[in-house]
Amino acid sequence: VQLQASGGGLVQAGGSLRLSCAASGRTFSNYALAWFRQAPGKERRFVAAINWTGSYTFYEDSVKGRFTISRDSAKNTVYLQMNSLKPEDTAVYYCATGSDTVEVRRRAYAYWGQGTLVTVSS
């Protein structure tokens, strides 16, 4: 499985970005999908995840109400809509899959994308 993340960039505080992550090599329709992020000098941390049917989502507290994760299984793509961005959201964002269930632990996910940089200016 190869995951290709895109959509990152530079945005002012309060702005929006939409990240996409497309999978190739095999279908991941039966797996949960997740986004993690890694700020400079910090560990990679969980942001959001969605189950394989798309019926259940889970978010890290600091992004609740601002970020929305969704998936299009027909396109093998997962999205992260990010609104009301803050400077503390600045990080490299990674998509991940390979877990049967929604998990917050990094080790639960077998496949990872290369990351896309999001920079939020104040």
Worked check of side chain to side chain contact (heavy atoms under 4.5 Å, CB included) between Arg66 and Asp89: CA-CA 11 Å; Arg66 300 189 298 123; Asp89 295 318; 2.8 Å; yes
Backbone N/O of Tyr56 and side chain of Asn51: donor-acceptor pair under 3.5 Å: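 At least one qualifying donor-acceptor pair exists.
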Exam field: side chain Tyr59 to backbone Ile69, donor-acceptor pair closer than 3.5 Å: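 Indeed, once roles are kept as given, a pair shorter than 3.5 Å links the two residues.
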Quick one: closest heavy-atom pair of [X] and [Y], and the distance?
| X | Y | value |
| --- | --- | --- |
| Ile50 | Val78 | CG2-CG2, 4.5 Å |
| Ala5 | Cys95 | CB-SG, 4.2 Å |
| Arg44 | Arg106 | O-CD, 3.5 Å |

Side-chain heavy-atom pair [X], [Y] within 4.5 angstrom cut-off:
| X | Y | value |
| --- | --- | --- |
| Val104 | Phe58 | yes |
| Phe67 | Asn83 | no |
| Thr116 | Leu19 | yes |
| Gln81 | Ser16 | yes |
| Tyr93 | Leu117 | no |
| Trp35 | Cys21 | yes |

Residue of the set Gln114, Gln38, Arg37 for which side-chain contact (heavy atoms from CB on, under 4.5 Å) holds with Tyr94: Gln38
Test log, rule side chain to side chain contact (heavy atoms under 4.5 Å, CB included), inputs Val63 and Phe46: CA-CA 10 Å; Val63 308; Phe46 173 82; over 6 Å; no
Heavy atoms from other residues, nucleotides or ligands near CD of Glu88 exceed 12 (cutoff 6.0 Å):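 Enclosed.
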Neighbour count >12 (heavy atoms, 6.0 Å) for atom CH2, Trp112: yes
Side-chain donor-acceptor contact under 3.5 Å, Thr77 with Asp72: no
Residues Glu103 and Thr101: side-chain donor-acceptor under 3.5 angstrom: yes
Approximate separation, where rounding is to 0.5 Å, of Ser122 OG and Lys86 NZ: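 It is 14.0 Å, given to the nearest 0.5 Å.
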Trp52 side, atom CH2; Arg71 side, atom CZ - distance, nearest 0.5 Å: 9.0 Å
Val92 with Leu33, same ILVMFWY side-chain cluster at under 4.5 Å: no
Near-ring test Tyr109/Phe36, centroid separation under 6.0 angstrom: yes
Test side chain to side chain contact (heavy atoms under 4.5 Å, CB included) applied to Leu3 and Thr97, step by step: CA-CA 9 Å; Leu3 301 175; Thr97 191; 4.0 Å; yes
Residues Asp61, Lys64: salt bridge by 4.0 Å N-O rule: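 Judged by the 4.0 Å cut-off on N to carboxylate O distance, Asp61 and Lys64 do form a salt bridge.
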Worked verdict on Leu17 versus Val118 for side chain to side chain contact (heavy atoms under 4.5 Å, CB included): CA-CA 9 Å; Leu17 282 175; Val118 172; 3.8 Å; yes
